[in-house]
Amino acid sequence: MNPRLTLASSVVGAVIVALDGTVLTVAQPSLQRDLGASFAQVQWTSTGYLIAVASLLVFAGRLGDLPHSPKRGGTRGGTPIGHHRLFGIGMLGFGAASAGIAFAPGVGWVIGLRVVQGVFGALLQPATLGMLRTAFPPDRLRTPIAVRTAAIGVSAAVGPLLGGALVAGPGWRVVFLLNVVPALVLGSLALTVRPPRTASPARLDVPGALLLALTLACLVHALVALPGWVWTASTAAVTGAAFVRHERRTASPLLPPSVIGSTAVGSALGMLVAASAALSGALFAGTFLLQDTLGLDPFRSALVSLPLAALMVAAAPTCAVLLRRVGARRTTAVAMTLLALGILVLSRTPAIWLLCTAFALVGAGFGTVMVAATHVVVREAAVESAGVAGGLQQTAMNVGPVLGVAVTTALLGTGAGPGLPLGVLAALALAGAALGRALPGLREAAMNDHGDSKDRTRVPAQR
């Protein structure tokens, strides 16, 4: 597939998912009134999606990496399932589920279709990164990832405004029709791509996939539903231990050693969890700070936080330049420090111009970390493990926000006000900065740009 068309597909796929989440938040109050739903039911329109998507991301990524079994009597090799094919299936299913939600007769249908949407979202999200890894050489990945991140930043800024306008006008149902046409068009186009043949088909680790899916589903549920976290957290611990034991013994693990054995990949994923948790928690606490403590209305609150999205968009192309000039190690360390500083300023000042500055620092720091850490995860993985790498990156970006909001909610429940959770989140961002020491510096990046990515992991790939 043409690299430019691959990049466009990756960007649109990521934007559709990002827009869907932001506009749903705006539409939920109107949805609740129209369908006569309870607060718990409305919460499950988000929780059901999160559980479905987070539990299946890595499995979907691995599925895109693997070829079909060869035909009986044929030679060794087969037609790969392929990231483009999974992307197409995911886009078609995501769009169809969105259309179904728009015409749902009750909140039960909305919740069920949101779970279906999560399943198809899990198929397309890792593919948006897997396609980039296979379409671009390592030394040209910085710019595509920066473009993708900038587009996500734009959707984060436009989503609430567009969703609010649609909800106030035609109604909340129209919100879910936004992505139907582009999803159907790009999904159909992606299915026309014929993937290349491969010479060494691998076996899909179904038991490992089931164990990991159950672990992640219970983990997300434990974080979202704090009153009932004990049994789900215990289940996550048990199934997680069983998954690790199984992966060590199986001949074809779900997570190849060439991916999880890389210190750089593990550190980059940790940074993504820390950064996304700090961002989401800070936005959640910041809403209460702006509206309850400072008395701003929702519109003025949105204007004050607008520099976050603007700087996130600007940080993406800037990060591509920084990666080329100073390397991922220094870039992420400075970016995480900016993120922590912005959160600290947010917790300490009532002045509007300083609040705008705080949000700008948060946006610049997070946008830079997202590009740099994602670049490390995708580039360090071998091409045949690009889907797994994309799945892990997307899992980190889904688990992090849930963790951040859960921690913030618990701390706000103590009655201490937004200052306490914002201070804890700033400390979390600084802890994430320490992980940057394991990322490649400028010299390592220059040496590896023209080599096979499998050589960078220092762990022999599973054969």
Side-chain angles (χ1 to χ4, degrees), residues 43-44 46-66 86 90 114-126 129 202-262 265-274 276-277 280 377 381 385 387-407 410 435 462:
Q43 182 185 23
W44 269 99
S46 297
T47 302
Y49 175 87
L50 280 173
I51 291 176
V53 73
S55 62
L56 295 174
L57 283 167
V58 176
F59 170 72
R62 185 59 171 160
L63 197 62
D65 290 332
L66 295 180
L86 280 185
R114 282 287 289 169
V115 173
V116 172
Q117 203 175 37
V119 173
F120 286 105
L123 293 181
L124 75 90
Q125 288 187 57
L129 289 172
R203 182 170 60 87
L204 181 63
D205 179 19
V206 176
L210 292 175
L211 286 171
L212 182 59
L214 183 58
T215 300
L216 292 172
C218 290
L219 175 61
V220 171
H221 184 270
L223 292 172
V224 172
L226 290 178
W229 69 272
V230 176
W231 72 268
T232 49
S234 302
T235 304
V238 172
T239 55
F243 171 72
V244 172
R245 185 172 183 268
H246 169 79
E247 289 290 285
R248 289 177 175 176
R249 296 188 173 191
T250 187
S252 300
L254 179 70
L255 300 178
S258 59
V259 176
I260 61 171
S262 169
V265 170
S267 297
L269 291 172
M271 294 187 82
L272 287 172
V273 171
S276 59
S280 297
V377 172
S385 299
V388 171
L392 288 171
Q393 189 270 354
Q394 291 293 317
T395 300
M397 295 300 296
N398 277 272
V399 172
V402 178
L403 173 63
V405 172
V407 170
L435 295 173
Q462 188 88 9

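If you read the sequence from its start, that first residue is 1, and numbering goes on from there. Just so we're clear, the structure is a prediction, and the values are computed from it rather than from any experiment.
Taking CG of Leu123 as the start and CZ of Phe59 as the end, the distance is 8.5 Å to the nearest 0.5 Å. Put simply, OG1 on Thr239 and CG on Leu210 are 11.0 Å apart, with the number rounded to the nearest 0.5 Å. Note that CG of Leu219 is 8.5 Å distant from CG of Leu403, once rounded to the nearest 0.5 Å. The structure places CD of Glu247 at 8.5 Å from CG of Leu211, a figure rounded to the nearest 0.5 Å. Rounding to the nearest 0.5 Å places CG of Leu212 at 12.5 Å from CZ of Arg62. In this structure, CG in Leu392 is found 5.5 Å from CG in Leu269, a value given to the nearest 0.5 Å.
Between Gln125 and Asn398, the shortest heavy-atom contact is OE1-ND2, 3.9 Å. What you find for Leu254 and Val388 is that their closest heavy atoms are O-CG2, 3.9 Å. Nearest approach of Ser276 to Pro401, heavy atoms of both residues: OG-CD, 3.5 Å. Residues Pro207 and His246 share a closest heavy-atom pair of CB-CE1, 3.8 Å. Nearest approach of Pro126 to Leu57, heavy atoms of both residues: CG-O, 3.4 Å. The shortest heavy-atom contact between Gly121 and Val53 is C-CG2, 4.0 Å.
Thr215 contributes a side-chain N or O that, together with a main-chain N or O of Gly240, makes up a donor-acceptor pair within less than 3.5 Å.
The shortest distance between side-chain heavy atoms of Trp44 and Val115 does not fall below 4.5 Å.
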Is there a side chain to side chain contact (heavy atoms under 4.5 Å, CB included) between Phe243 and Leu216? Walk through the geometry before answering. CA-CA 11 Å; Phe243 171 72; Leu216 292 172; over 6 Å; no
